[in-house]
Structures are given as C-alpha cells and as structure tokens.
Amino acid sequence: MEYNFQSIEEKWQKFWKENQTYKITEDPNKEKFYVLDMFPYPSGAGLHVGHPLGYIASDIYSRYKRLQGFNVLHPMGYDSFGLPAEQYAIQTGQHPAITTEENIARYRTQLDKIGFCYDWSREVRTSSPEYYKWTQWIFKQLFDCYYDNETNKAERISKLVTRFETEGNATLNACSDYETIFTAEEWNAFSTKEKEAILQEYRLAYLADSWVNWCPALGTVLANDEVVNGVSERGGHPVEQKLMRQWSMRIKAYAERLLQGLETVDWTDSIKEQQRNWIGKSQGCSVKFEIANYELRIANSINPQSAIDNPQFIEVFTTRPDTIFGVSFMVLAPELELVQSITTEAQRSEVDAYIKAASLKSERDRQADVKNISGAFTGAYAIHPFTGEQIPIWIGDYVLASYGTGAVMAVPCGDQRDWDFAKHFNLPIKNIFADTDISEAAYAEKDAIIADSDFLNGLDCKTAMKKAIAIIEEKGIGKGKTNYRLRDAVFSRQRYWGEPFPVYYKDDVPYLVDDQHLPIELPEVDKYLPTEDGEPPLARAEKSAWNYSEGDRMEFNTMPGWAGSSWYFLRYMDPKNENEFVSKEKVDYWKNVDLYIGGSEHATGHLLYARFWTKFLHDQGYIPFDEPFKKMINQGMILGRSSFVYRLNFSSILLENIQEKIKEVFISATFLEKLLNSKITAFEVIKNNSELKITFLDQRANYQPEINFEKKEIEYVNKIWNDVNKSHGHKCVALRLDLSFILSKTPIHVDISLVDNDKLDIEAFKKSRPEYANAEFILEENGDYICGSEVEKMSKSKYNVQTPDELVEKFGADTLRMYEMFLGPLEQSKPWDTKGITGVHGFLKKYWRLFHLNGNFEVSDAEPSKEAMKSLHKTIKKLRDDLDRFSFNTGVSAFMICVNELTDQKCNNRHVLEQLTILMASYAPHVTEELWSKLGHAAGTLIDATYPEFNEAHLVESAYNYPVSFNGKMRFVLNLPLDLSIEQIQEQVMAHPDTMKWLEGKTPKKYIIVPGKIINMVL
RNA sequence: GCGGAUGUGGUGAAAUUGGUAGACACGCCAGACUUAGGAUCUGGUGCCGAGAGGUGUGCGGGUUCGAGUCCCUCCAUCCGCACCA
C-alpha cells in the first residue's frame, strides 16, 4: 500500500473537525500550558509559506505538551479591524465586514489544510461586536482610572475626586502634566466642565489637544510606533505634526514598570533592548539657572508680557550633575518661547534668522543633518548657581524642544555634541576631569576623577553625582529626577473600520456610555470617507444608524488597531462570556501565555501596549499576573528566492525586411555568465553575402584589434547570431550587442511558478504575457533556459511568493510541516527553497514503509531487538532535549536518523514503531494518526497517548570507539571496552601498531586519557 | 556613532558541558532496476594531492594536552536605535 497522503490528510482533518478532537476545557486536575501565535490580520493575499512557520512550531510544541499530559490552550483568531479592508471599501463601496469575512474564510481554509490543533471553538475576531464590546469596556475602565505614584498602581477616579474635594491637589503624587495647584475650596467651586477638564489631565484614557502625527494620505493620525523615518509604516506616506483634539493613553505612567517588567520575561535581548530604547529612561537631576539681569531684560523687551510670563530661570535636565562645574554655556531649542524674551536687540536679527531657518527644516532633515553644526547667540547670560559666573545662552537645533525642558547646560569637556558646538563657535572649554586630554574630543567616559569643581574635587563620577544632587536639592535649585522618552500613545483614528468609542458628548464634555448599552456598534454610513468638513467617516452616520446614542453626539473617532490586540489573549480563555471580558475562574486557571510565537516587528507596538493593558488590568484586580507573555520566540522571516530572465538589448539589429518587428530575445543565465566571464564586452556581426564578419568592440563601440579572442568566444558569438537569426526567419544582416548594457539593466523577475529547479518552462513563459508570445531564447547546450536567482523578501511584485497550498497538494501537509522545520533554526531568517522538500517527503515514505511488507500493513509482535531499542531511545532523548530548547529543526533530523537505522535493521517491531509514532505525532499528525489507528488504536486517541519515557539502560554500551590523537590531531580510532582503567587504556593504545607509526620513535611526554571520551598524546 | 544578532562544504544546516568538524537533507558524480522518470535502490562526495599525506569553521592573535565552542583585535552582512542632554 502506497503512502497516499492526500486521502490520509483529508480523512483525518475531517475526523478531527467532526469529533472536535482539539476542543479543550478547563481541567483543574491537569497542569495548564498556554501556547499562542501572534494575532494575524487576515489580508486579502492569503497565507504564503512564511506565515505558517511560527504556527507549525507552536503547533508541534502544543501537541508535545499535550502528549506530556498538560492541558494545552492553543487558540487562533483574527485581528480583523484594519486599513486594507477599509481602503478596499473606499475604492469599491463594499462594506469592510464583507471583505473581512471573505479573507477570514480563505485564511481558515488554508490553515485547516496544514492540520493545526487549534481549538476553533474559541476563535475570536476583534471586529465582532461580541468581542469589541469588551474592548470598549476596558477603555471605560482606563477612562475611569488615574495613576497614583504613591500606591504605584492605577486607582479609580472617584478616589481622586474625593481627594480633590478634601485636600485639593497640592500634596497629590499622581501621573499628570497638570501643574496648577488648587485647594479643596477652589475645586468645589469649579464648574462641571472645569472639573472634567482637570480630570482629563489625570485619566489613563484622556482627551487632549496634542501634537499628533497626521498622515494626510491616510486621513488619520498615527501612533509613534506607526511612523518610521517620518513616513507611515503602512504605505510609506508622509506624516506631519498637527495639533488635534485626540484620545490618548497615559502609557507614560507605566514607563518604569514596563521597564522593570522586562527583567522578568524570557524574550530575546534584541526585543527587550528595543523596548528599553523606546522607553528611554535617563536618570539625573534638574537644575535651575538664573537669567542674568532679568529685570533689565523685561524693561528692554519688545514683548514685556512674554518676559513676565516666562520664569526668570532656565531649567535644564542633566544626567551628569557631577559635571556642573564644567558648564561654560547653555543651549536652548530654537522654538522655545523663552528665547524671544531673553534675546538682546543686538542679537535679535541673527536669532530670528536662525529660528526661521531651523523651523523650515523638517524633523527628517534635522535628523539627517547631524554633522552640520549651527546655532546663534542670544546675547543673554545665565548665572552659574555655584560659581556665580556669567555664562552665555545660545540656541541650537541640536537641542530638541520635545525632550526634557528643551534646554541643556553645555559641558563641552564631557559631551561630544557640546564639545563640537563649542569648537565651532569658539566657546570656552573647561576641563574638570583630572588627567584627561580633551584637545581632540570630549571625555565622555564616567571613570575620571573630578577636578576644579569646588566641593566635588577628587571624587569619582558616581560619588560626585550623588553629592551634586544632594547639594543642588539643599540649595533649592533643582532635584534628582528621572526622565523617560516614552510618550503617551494617541488612541483615536479618523477611520471607519475600527472599534467605536463608548463615548458621547454633551456641551463638548465627553461622557461614558453606560455598560448596559454596550457594545456601541459601528453604524452604517453611505461612504467610508471623511465628511466635507473633515470629520471622520462615523460623522456621516444618521443618528438612527447608531444602536445607541446619547447627548449632543456620539464620538466619531474609532480606536486604533492595537486596541483589540492588546487583550485578545485573555478572551481566548473565555470567548463566549457575555457578562465579563474573562471570568475570574478561567483567567486564574489559564494565567498568562507560556509560549508566544511571532515576528519581531511588533517590538514597540503591540508588545508594549499589551504589556501596558495587562498591568492596568492587574492593578484593577481583574487578572492575577502583570506580564502577558512569559516566553517569546521570534521566528525569522522566510525570504523568497526570485528567478530572473535576462533580455538581450541589441543596440543595433538590421534585418533584410526592416518592417519586421524585433522580437524579445532572452539569454539563459549560465550562458550569459560564460559570456560575461569571457573577454567579450561588445561585438558586431555583419553578414556579407554568405560570409559572417565578427568584430569585437569596446564600450565606446570602437574596434578592438589588440585582444586575441579564443575559439570558444567566437563560438559564443556564432551561437547568438544563429539563435537570433533563426528567430527572425534568417533575415538578419547585422547585429550589435553590448554586454555591459545588459548588466546595467536590472534582470527581469519571472514568476517562480514558471520555473522549476532554475529551468524555465518556456512555453508557459511565452503565454504569461502577450509581449513574450513571440519571444526567442538563447539556450544552453542541452536546450534548457536556466534562470538567474536571488534571495529577496517575499512579495507579489517580485513574483516569488510561494503559497503553502500548492505544496500541500503536491507533498502533503505533513511534509510541509516537517520541511518548514527542517529548514533551520526557527529564529533565523532564511530563503525559501523547495529543493530539499523531496528529501523530507522521501523520509515520510520511508517511515510509512517500515509498517509495510510487500505493500501490506505488517508489524511484528516479537521482542524488539537491542539495537532497535537503542535507536528508539536515542531518538526519545534527542527529541525531548530538542523540543525543550525549541530546536525544531534538529528534531526532524533525529527522526530521519531513526528511520534510516530501523530500515537498515529491517525493524517492523510493534513496540518500537508505536513509540516512534507517538514521538512523531506532533510533527506529522496525519500520517501518524493513520498508522496509529492501523496499529489497532481508537481513532483520534493519538493526541492523548502516553509520551514515551526515556530509559538510559538502552543506550549503555560496553565498548567505545576512542579517537586517538597525537598533539591534538586525531589519527585513528580504537575500539576498547568501556570498563578499562586509564592504565589499561594506555597499555592497549601503546600496543597498537598505528601508535608506533605516529610516535615516530619518540616517547609521549604526556598522556591525556578521558575514559569514554578521548585519548591524546603529547609528543 | 551606539546596541543586538550572525559568519562552518556547491546549498539548507549539525556539533547541547572545550573532546572524532560537516550529522541529517538537497545538489552533484557513478551504478542498478525501468518503455519512461521529478519513482525506487546502492556507492561516492569539504578543499589540495595520483598517493602518502597536508589543510580546513570570516581575518589575525591568545589560553589549553585539545578551540567552531573560551578571551582579545579586526573585517563583513543583517536588524534596531540615533542629536535623548
């Protein structure tokens, strides 16, 4: 009986579905294990072979854990709100829900064909109202909380209000940018609107006018992580800064905990580092510098009010308070308002010109232009708080208005940028580090001893920092402070296809919709575009189109893509719960995700937001953990292997009948290579009567008499002439080809479905495009057209997309699963190449054959042989070790070795094959399930079989092949019993004839004998 | 510039604690069977060399009886961050 994978896979997929083999329930008697794949967006393009890589790995691991007796939660669902479906809706008018539904159906078909053990009864979709009801509910909780720095967690707004009513906000320590102090009396006197405006400054989800990344092409704002190099991550459209009233999330409040939590999770250093960078913690101290002659400045200012409004101090943030005596000037960001009031008349024109120039530079230009030092002197001076010296105040665009206070105390001896600025403008550089040379560059290391610094003299940096902060605080001119680069995340989008907010407005004040009215469903609209006055698409909805409405109007923004994906892993635990987002009982059982597999591209988006929401839900007591994903593996990208054809570009071709169109001529890659490796750069062939005259030319088409061409090169030219001429009905009279021109042209991508093993299917290629219909080819000797190739990202435009479907059809899901694992380590990026798939397919056939004799199923019930047990237990151990360290590729090799050995042993022992089948069940679920039932087990019971136990006894050897080395070089192998003592081993080795040969008459100076390992002699 | 990762045959890779480098597979070569093969089976295959042998894990150095593995220097590729005070 042949290994008929098609019928086997179809049969079992149907069985699993009908019998709900993979449906799981909470079972307090079993230990839980939660394996999760990153939430996919169901794109219209469907799956390519790169997508299932992680899914296969997680599936293998889930099955492995289940076989070991764990209760494994392994769900799948769809992050189904998103831009592509909406863009499609705008173009076609089709409701995005329909497109989304179709795409999900396609995904599901593709996923089902690979044989995953997902519990589909737990599927969730972010775009379904049953799901987003709870996204809205969580938003409400965030709205109703603030971050209390004293309890170090999120607390209810009602607690804050009580505090305001009794004490005002003077003693409050909460996360907010609100700095105005009010008393309880003042608070109680505020109007509702005023009170709400203040509360917005504290809420974790809040409405505020903030500078946002506005993307005109997408018609929406974007979060910082959705902007890469000044353009939108999706689509690459330009992004500008715009002040808009938007919902935001006060993620800043969690900066420190998000940073600390990284220590507790098992993620790659690379992702953790990216999150640390994004959070950007820096510790230091704020210091106030008094502005000299401030009164005078006010009197002279053209805008006295501005001067009065601004403080007479410049506050800076520094991470190096130990270098405070090294300050020799200050630099302000040019856009700072303070600059206007301190600039002297003499400097005004220069300063204004500089500010104007700086404002014209885009954020991107400013970043690109790091080396160009620029700035201007304001004419004003600050007073050094310790020395009383007057230090000049400059402006320069290397100081960013958005970070810290937008001002720096410049310490040129210790900071390279300050040093560069000082050198450029010839400002004083004061060295406060003992025994350092700062003539060529700043000394930025923190290992110097401080000098010329009054009370800091003789101290090392660390001690000096502490002392400096202490004295600065004592003097009341500043205090120790920690800064974070992390900014609050914009939470609204001006789009249609997203979660509506559970918010209505009355008198421009936002109010939450009561829980009983949730979910607020997406209303129908006539068009998925903004209104004429630029309101988001939801503003088009009639009041009656809303399932609930209240107040003057509903919120027209929708939530961003990361809203639904920030908590989806919780919903899988209890997907149908209508009363809670997840029940306490279920979340207490399943807890956080034990293994999370997905790409690394969400490092600063999804992975940070999900951590933030988890911490918040934990603070509020809804879930018992505060990190969502304990261990994460980032699978590498599967790259495509593109194929190329090379079109010849004849700079001149003459035909007898010049009306005839010149055909497309393609040259085979191997032949092209030969040609390029020859001395030929260009040639011309002219037919004179029946004689051919070949002329070799240089790049300028000049005749090259000095090069002697070999016979083979003449042959190459002849071949081209013949092939081209043949294709043009032998009407060519002249031909000129410039090879360097071919190289300068990009090779043409050809669809990989037309190529097999680099060989082009010429007929199919001709049919693929009308302009190729009459193409002609310069082929290899054997008549093949060989394509060139290159490894690139898989994409439609490169015609190198390989879908899993065709491979499943050709080789089966089991082969695909094993092959994807066999490619190499999961984390590594690698090119997709189907060349090796036959090897894996052959292995499965070989495995199948172990169970069959002359085409009939036949296994032996005899006692297994010693060597078969050894092969088996070697494999059991190897697989256990490999899976425990997520080395999926080496597991496949181990199976191959085992099957090869059992085949050599002609082993068809029931016990051995049965155990091997359980081991392989997680990798190749279909074929193992088939053979498992043939072995006499009930259908569908393989997934809960008892995982084989490793027994060392089967691997015990009595003898060992010792590698015998001389000076560390292995010379021969000697088989010796393992129970020999070191002395006996030495005796045996010395007695061996080969030893004599390698000793060359010398006596070894030293013997290194490690029993069971090696023998080495030092000569 | 800073940080992280990677570098081993023609190719994908393996070598888990320092102990026979290249397992396993592709490809290639030779052979068997076959009307045929993208089927199956057998043998070979790092490089140089006829052979003995030499040589070999990006380069150079070090530690060690012994280094792909540990340490130092440099180089290359990929990814992330980048005036963050």
Side-chain angles (χ1 to χ4, degrees), chain A residues 2 228 268-278 280-282 284 316-320 323 330-331 333 366-373 396-400 402-411 414-418 420-421 483-485 600-601 603-604 636-637 756-757 759 810 819 822-825 827-843 845-846 849 878 881-882 884-885 887 889-900 961-973 1004-1010 1012-1019:
Chain A
E2 278 286 291
V228 178
T268 61
D269 289 338
S270 146
I271 297 253
K272 287 195 197 182
E273 198 55 33
Q274 280 181 56
Q275 292 214 345
R276 284 192 198 105
N277 281 339
W278 193 258
K281 179 180 183 175
S282 48
V316 300
F317 173 76
T318 176
T319 54
R320 294 292 302 272
T323 63
M330 307 200 71
V331 188
R366 230 166 116 164
Q367 279 178 11
D369 201 14
V370 177
K371 287 196 182 74
N372 241 330
I373 296 158
D397 67 5
Y398 82 93
V399 177
L400 305 174
S402 57
Y403 186 76
T405 57
V408 301
M409 55 174 229
V411 183
D415 183 289
Q416 193 57 44
R417 291 154 316 182
D418 295 345
D420 291 340
F421 196 83
N483 249 359
Y484 299 93
R485 200 167 63 101
S600 55
E601 65 273 19
T604 50
M637 204 194 313
D756 184 32
N757 223 343
K759 204 173 110 182
K810 231 164 156 179
Y819 183 59
F822 189 63
L823 279 177
E827 298 92 329
Q828 219 163 284
S829 286
K830 53 226 150 193
W832 177 259
D833 194 337
T834 49
K835 266 187 193 160
I837 200 164
T838 53
V840 175
H841 190 62
F843 151 74
K845 283 189 191 165
K846 208 166 168 181
R849 254 180 277 134
K878 176 80 178 146
D881 293 353
D882 284 353
D884 286 346
R885 66 193 171 100
S887 175
N889 55 326
T890 50
V892 181
S893 304
F895 289 130
M896 289 175 168
I897 292 167
C898 184
V899 166
N900 287 346
N961 277 328
Y962 280 93
V964 182
S965 303
F966 296 82
N967 284 338
K969 290 235 183 294
M970 208 282 284
R971 295 306 182 183
F972 61 90
V973 173
K1005 287 188 200 128
K1006 197 173 172 187
Y1007 297 89
I1008 293 105
I1009 296 169
V1010 186
K1013 281 259 165 86
I1014 48 117
I1015 296 163
N1016 188 18
M1017 278 167 267
V1018 188
L1019 301 183

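A note on names: the letters A, B, ... follow the listed sequences, proteins ahead of strands, and every chain is numbered from 1.
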> Which value, in whole Å, describes the distance between the C1' atoms of nucleotides B:U42 and B:G9?
Replying inline: 24 Å
> Does A:Asp418 reach the side chain of A:Met409, with side-chain heavy atoms less than 4.5 Å apart?
Replying inline: no
> Where the side chain of A:Arg485 is concerned, which of B:C65, B:A85, B:A82 is the nearest nucleotide?
Replying inline: B:A82
>> I'd like to know if A:Asn1016 reaches the base of B:C65 with its side chain such that a donor and an acceptor end up less than 3.5 angstrom apart.
In response: yes
Extract from the structure each pairing of a protein N or O with an N or O of nucleotides 54-57 of chain B at less than 3.5 Å, listing the distance.
unit_1: B:G54; atom_1: OP2; unit_2: A:Arg971; atom_2: NH1; d: 3.1

I'd like a list of close polar pairs between nucleotides 67-72 of chain B and the protein, N/O only, cut-off under 3.5 Å.
none

>> Salt bridge check, A:Lys878 against A:Asp881: does any charged N sit closer than 4.0 Å to a carboxylate O?
In response: no
>> Of the listed nucleotides (B:U40, B:C65, B:U16), which one gets closest to any side-chain atom of A:Arg885?
In response: B:U16
>> Taking B:U35 as the reference, what is the distance to B:C29 when you measure between their P atoms (whole Å, please)?
In response: 24 Å
>> Both distances below 3.5 Å, Watson-Crick or wobble geometry, any strand: find the nucleotide opposite B:U45.
In response: B:G27
> Does A:Thr890 make a side-chain N or O approach to OP1 or OP2 of B:U16 shorter than 4.0 Å?
Replying inline: no
>> Tell me which nucleotide, if any, is Watson-Crick or G-U wobble paired with B:U64 when both distances must be under 3.5 Å.
In response: none
> Where does the angle between the aromatic ring planes of A:Phe895 and A:Phe843 fall among parallel (under 30°), tilted (30 to 60°) and perpendicular (over 60°)?
Replying inline: parallel
> Paired with B:C74: which nucleotide, if any, by Watson-Crick or G-U wobble criteria at under 3.5 Å for both distances?
Replying inline: B:G58
> Are the side chain of A:Tyr484 and the backbone N or O of A:Ser282 linked by a donor-acceptor pair below 3.5 Å?
Replying inline: no
